[in-house]
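One structure below.
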Protein chains: 2
Amino acid sequence: MAAKRGGARSNRSQRPGQPPRPAGEPPLSRQRIVATAVELLDAQGIDGLTMRRLADHLGSGVMSLYWHVDSKEDVFDLALDAVLEYRGSPQEPQSEDWRGEIVHILEDWRASMLSHSWSASLLPRRALGPNILSRLELLGKALSRAGVADADINAAIWSLWNYVMGATITRASFDLSDDDRAAAQQRLTRLSERYATIERSRLLLDDDWDGAFRKGLGFLLDGLAPG
Amino acid sequence: MAAKRGGARSNRSQRPGQPPRPAGEPPLSRQRIVATAVELLDAQGIDGLTMRRLADHLGSGVMSLYWHVDSKEDVFDLALDAVLEYRGSPQEPQSEDWRGEIVHILEDWRASMLSHSWSASLLPRRALGPNILSRLELLGKALSRAGVADADINAAIWSLWNYVMGATITRASFDLSDDDRAAAQQRLTRLSERYATIERSRLLLDDDWDGAFRKGLGFLLDGLAPG
DNA sequence: ACGCGACTCGTACGGCGTGCGAGTCATCCT
DNA sequence: AGGATGACTCGCACGCCGTACGAGTCGCGT
């Protein structure tokens, strides 16, 4: 009763005969809306997505969107899950190199999110879509094969999830402000008595994000499955 | 030139003689604005903070706020940093239990953010305020004392930061949806062939967040400073 | 012929952040 | 004393937002 219509739209294409579309635009559909939303988000960031702009890009009226989606929140959810689809190696390698496999899963995850940088700051407040769950499942399987005790599996999964989320979100948000970071480091230097250690290590200037990600992930995996 | 006035407001209280305030409200000030913003955020969440509401609670006109802050973004920044102030143990323990110390720093950090749950989803897109830097400095010192090599210090700091951020953000966002999680787990069960592993481990039902946080942190520290 | 469901969309409402410029009042300079 | 200055407050108005509502179109089953 809340919305005009509950959840399951998408009776797409059950249209029996081809309805001759004039020429201009293909018909509106959930998929087309989501795809366009992702484009817009990629191009303009989170604030760049408005229902009006979305409708413009689709060549439709604003309110038509609401037949296919429940709300703008809904659009965010769909766009996020769409972007996080996992195209893993097609033939399950099932190798014994569980560590390499886990690293691969997580690096791919991070890469997916970083190539749509809005997704990092979006994910925290959204539900887990099916594509996210698939990734978690994959991770769980790999950990299990790696010999992590059943009792530790959940903690292990969450640890890795936490690490990846934190790293990705941090990376995505620092990315934007390149000379801000230089400025910040300078501020540190000026106050070097208060921030001696991180000033010395040049924490804010270090920009080998990928290396740092791998290194930290290595530490974590060392702890998770020693030997 | 961008804003009417750059950064350094805050010539507060340099007023020579007490200007006799009538009785009603104390004068507007950056501090009062930030404090009220935090109250509002705590009570109503991120969307609950609007400039109009903020002004109402302060008993002032909306536009008066803009004398003291640059923009709503500015208010967010200030509120975030205010909430993340570290009130550590007053007498630096300087103990040899570096591990306990690190755990304490990070648990306190997490607790600070969780007690203002909006902060978790806000932090990703903001600059590092002085209070955040202080915490990083503390962490760096402790790691250094723990014997982490200079070359690894940055990676270690970021690893712990990532872990804490990820864990906190995840916790804060899952918190809100308690039976959503039950529903999600049920969905898993229905599709148990696709999600066998995480269904079996009851990943989505496990709600010992604090325990999982400590456990995962333990893993990471094991990897960071073995022995 | 007619109703019905799927779908589209114009209008309108209430709320938002904030630019602008006018108003108040204590202080300082002459 | 008189005027200028600067700190601060605030009402108005603009353009944008998400979306409730209800009217309109069109192909189909009867």
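Numbers restart at 1 for each chain; the letters A, B, ... are given by sequence-line order, proteins then strands.
By the salt bridge (Lys or Arg N to Asp or Glu O under 4.0 Å) test, B:Lys72 is found to be paired with no residue, residues two or more places apart in sequence or in another chain being considered. Scanning for side chain to side chain donor-acceptor pair (under 3.5 Å) contacts around B:Asp81 gives B:Asn131, with sequence neighbours left out. Contacts of B:Asp108 classified as side chain to side chain donor-acceptor pair (under 3.5 Å), with partners at least two apart in sequence or in another chain: B:Arg135. Residues satisfying the side chain to side chain donor-acceptor pair (under 3.5 Å) test with B:Trp161, not counting sequence neighbours, are A:Thr170. Take B:Glu85 and apply the salt bridge (Lys or Arg N to Asp or Glu O under 4.0 Å) test, not counting sequence neighbours, and it matches B:Arg87. For A:Ser71, there are no side chain to side chain donor-acceptor pair (under 3.5 Å) partners at least two apart in sequence or on another chain.
Between its two ends, the helix from C:dA1-D:dT30 to C:dT30-D:dA1 turns its axis by 20°, counting five pairs per end and rounding to 10 degrees.
Judged by the 6.0 Å distance and 45° axis criteria, A:Arg171 is not positioned over the aromatic ring of A:Phe213.
Between the CH2 atom of B:Trp67 and the C1' atom of C:dT18 there is a distance of 16 Å, given to the nearest Å. Following rounding to the nearest Å, A:Arg32 (CZ) and C:dC7 (C1') show an atom-to-atom distance of 14 Å. Between the C1' atom of D:dA7 and the NE2 atom of B:His68 lies a distance of 9 Å, rounded to the nearest Å.
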Please list each protein N or O that sits under 3.5 Å from an N or O in nucleotides 15-19 of chain D, with the distance.
{"residue": "D:dC17", "atom": "OP1", "partner": "A:Thr50", "partner atom": "OG1", "Å": "3.3"}
{"residue": "D:dG18", "atom": "OP1", "partner": "A:Lys72", "partner atom": "NZ", "Å": "2.6"}
{"residue": "D:dG18", "atom": "OP2", "partner": "A:Met51", "partner atom": "N", "Å": "3.0"}
{"residue": "D:dG18", "atom": "N7", "partner": "A:Arg52", "partner atom": "NH2", "Å": "2.5"}
{"residue": "D:dG18", "atom": "O6", "partner": "A:Arg52", "partner atom": "NH2", "Å": "2.7"}
{"residue": "D:dT19", "atom": "OP2", "partner": "A:Tyr66", "partner atom": "OH", "Å": "2.7"}
{"residue": "D:dT19", "atom": "OP2", "partner": "A:Lys72", "partner atom": "N", "Å": "3.0"}

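Note on residues 40-69 of chain A: no pairs pass salt bridge (Lys or Arg N to Asp or Glu O under 4.0 Å), not counting sequence neighbours.
OP1 or OP2 of C:dC7 has not a single side-chain nitrogen or oxygen of A:Ser64 nearer than 4.0 Å.
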